[in-house]
**Student:** 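Got a structure for you, written out below as structure tokens; questions coming shortly.
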Amino acid sequence: IRTSIIYSMKRDRLTSQRVKSWRQLVHLIRVQAGFVGDLQKCHQLMLFIGSIILITGLTFLILTVTNVGETGRFFVIMQSSYVLLVAGRIYLKIYVANSISHEESLIARELILANIPKNEFSLQLEVKFLHDIIKQKPCLIKFGSYATLNKGLILGIGSQVVTYLIVLMQFSQSQT
């Protein structure tokens, strides 16, 4: 969409019908993001809960293991790589979701930079309408009302893991 906007502005082919088609494309992308969130809601939420438990448990084992032999070191390395793999998988999903929002913000920026003649009121209105749609309510991938796929989610997961690790470490120390 952004490429089409840039091309249309360079060629002075910006029309109100073209802007309407861009708005329809933005709407369709948002509908698809909503469908993805609804369709994957249960699966992704269970993945996040499982990831919190798995990362917490494996990190606790990594931090508390002492006096390990050759096999134990290999086990710790495998645990560490699996923790990084799970965290990387979640981060990659969040990165892709943020790239959708970022592309939308770039579209809004291109719309602001559009050189629209003052006598074309319908074109000005369509461009402003599309810009307002993008800026006022950016595209988000949500899993119901439970979670939104954004940077705050990975920070929330990280804070949960750290909280549970602190509790487990204190519990472990009180047992010895």
Side-chain angles (χ1 to χ4, degrees), residues 1-3 22-23 25-112 130-176:
I1 299 171
R2 189 166 52 95
T3 307
W22 295 336
R23 188 177 71 222
L25 284 173
V26 167
H27 175 71
L28 288 174
I29 290 170
R30 289 172 177 220
V31 167
Q32 287 178 349
F35 284 152
V36 166
D38 290 340
L39 184 66
Q40 293 287 316
K41 175 175 42 181
C42 293
H43 177 71
Q44 292 300 318
L45 290 173
M46 289 299 119
L47 173 78
F48 294 141
I49 291 169
S51 297
I52 290 171
I53 293 168
L54 184 73
I55 290 172
T56 304
L58 291 178
T59 306
F60 176 72
L61 288 174
I62 292 167
L63 293 174
T64 57
V65 71
T66 57
N67 296 332
V68 294
E70 183 80 21
T71 319
R73 274 188 247 130
F74 176 74
F75 182 66
V76 168
I77 291 171
M78 291 305 294
Q79 285 177 329
S80 302
S81 17
Y82 196 68
V83 166
L84 293 175
L85 180 74
V86 170
R89 180 178 178 196
I90 293 172
Y91 179 78
L92 186 62
K93 288 180 182 184
I94 291 170
Y95 177 79
V96 170
N98 279 338
S99 68
I100 293 171
S101 298
H102 180 69
E103 280 298 319
E104 266 197 352
S105 69
L106 291 177
I107 290 171
R109 192 187 85 211
E110 292 298 332
L111 289 171
I112 287 176
L130 178 57
H131 177 267
D132 290 347
I133 287 172
I134 292 171
K135 278 300 190 182
Q136 290 176 2
K137 191 175 179 191
C139 181
L140 299 172
I141 297 178
K142 294 182 177 187
F143 301 122
S145 60
Y146 304 107
T148 301
L149 204 56
N150 58 16
K151 291 177 185 175
L153 180 64
I154 200 157
L155 293 174
I157 289 172
S159 70
Q160 288 296 315
V161 167
V162 169
T163 302
Y164 294 146
L165 277 174
I166 291 170
V167 170
L168 286 173
M169 295 297 269
Q170 288 175 347
F171 184 72
S172 170
Q173 288 176 353
S174 70
Q175 293 294 321
T176 58

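Numbers here simply count residues along the sequence, with the first being 1.
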**Student:** How many angstroms lie between atom CD of Glu104 and atom CD1 of Ile29, to the nearest 0.5 angstrom?
**Tutor:**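 So the gap between those two atoms works out to 7.0 Å.
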**Student:** Roughly how far, to the nearest 0.5 Å, is the CG atom of Leu54 from the OG1 atom of Thr59?
**Tutor:** 8.5 Å
**Student:** Please round to the nearest 0.5 Å and tell me the distance separating atom NZ of Lys93 and atom CD of Gln44.
**Tutor:** 3.5 Å
**Student:** Is there a side chain to side chain contact (heavy atoms under 4.5 Å, CB included) between Ser51 and Ile157? Walk through the geometry before answering.
**Tutor:** CA-CA 8 Å; Ser51 297; Ile157 289 172; 5.6 Å; no
**Student:** I'd like to check the side chain to side chain contact (heavy atoms under 4.5 Å, CB included) partners of His27; sequence neighbours left out, ordered by chain and number.
**Tutor:** Val31
**Student:** If you round to the nearest 0.5 Å, how far is CD1 of Ile134 from CG of Leu130?
**Tutor:** 4.0 Å
**Student:** Quick check for you: to the nearest 0.5 Å, what is the distance between His131 atom NE2 and Gln136 atom CD?
**Tutor:**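 Reported value, rounded in 0.5 Å steps: 9.5 Å.
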**Student:** Hey, are the side chains of Leu106 and Glu110 touching, using non-hydrogen atoms and a 4.5 Å cut-off?
**Tutor:** no
**Student:** Please report the shortest heavy-atom distance between Arg30 and Pro138, naming the atom on each side.
**Tutor:** NH2-CA, 3.8 Å
**Student:** If you look only at distance, which donor and acceptor atoms sit under 3.5 Å apart when one is on a side chain in residues 143-151 and the other is two or more places apart or in another chain?
**Tutor:**
residue: Asn150; atom: OD1; partner: Gly152; partner atom: N; Å: 3.2
residue: Asn150; atom: OD1; partner: Leu153; partner atom: N; Å: 3.2

**Student:** Can you check whether Leu28 reaches Gln32 side chain to side chain, under 4.5 Å on heavy atoms?
**Tutor:** no
**Student:** On a heavy-atom basis, which atom in Ala33 and which in Cys139 lie closest, and how many Å separate them?
**Tutor:**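 That would be CB-SG, 3.8 Å.
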**Student:** Donor-acceptor pairs are to be reported for all side-chain atoms of residues 75-87 against protein atoms at under 3.5 Å, with residues two or more places apart or in another chain.
**Tutor:**
residue: Ser80; atom: OG; partner: Val76; partner atom: O; Å: 2.9
residue: Ser81; atom: OG; partner: Ile77; partner atom: O; Å: 2.7
residue: Ser81; atom: OG; partner: Met78; partner atom: O; Å: 3.3

**Student:** Could you state the interatomic distance from CD1 (Ile100) to OG (Ser105), rounded to the nearest 0.5 Å?
**Tutor:** 12.5 Å
**Student:** Could you give me the CA-CA distance, side-chain angles and deciding distance for Ile141 and Gln40, then say whether side chain to side chain contact (heavy atoms under 4.5 Å, CB included) is met?
**Tutor:** CA-CA 10 Å; Ile141 297 178; Gln40 293 287 316; over 6 Å; no
**Student:** Are there more than 12 heavy atoms of other residues, nucleotides or ligands under 6.0 Å from atom NZ of Lys142?
**Tutor:**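 Open: at most 12 neighbouring heavy atoms sit under 6.0 Å from NZ of Lys142.
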**Student:** Tell me if the CZ atom of Arg73 is crowded by more than 12 foreign heavy atoms within 6.0 Å.
**Tutor:** yes
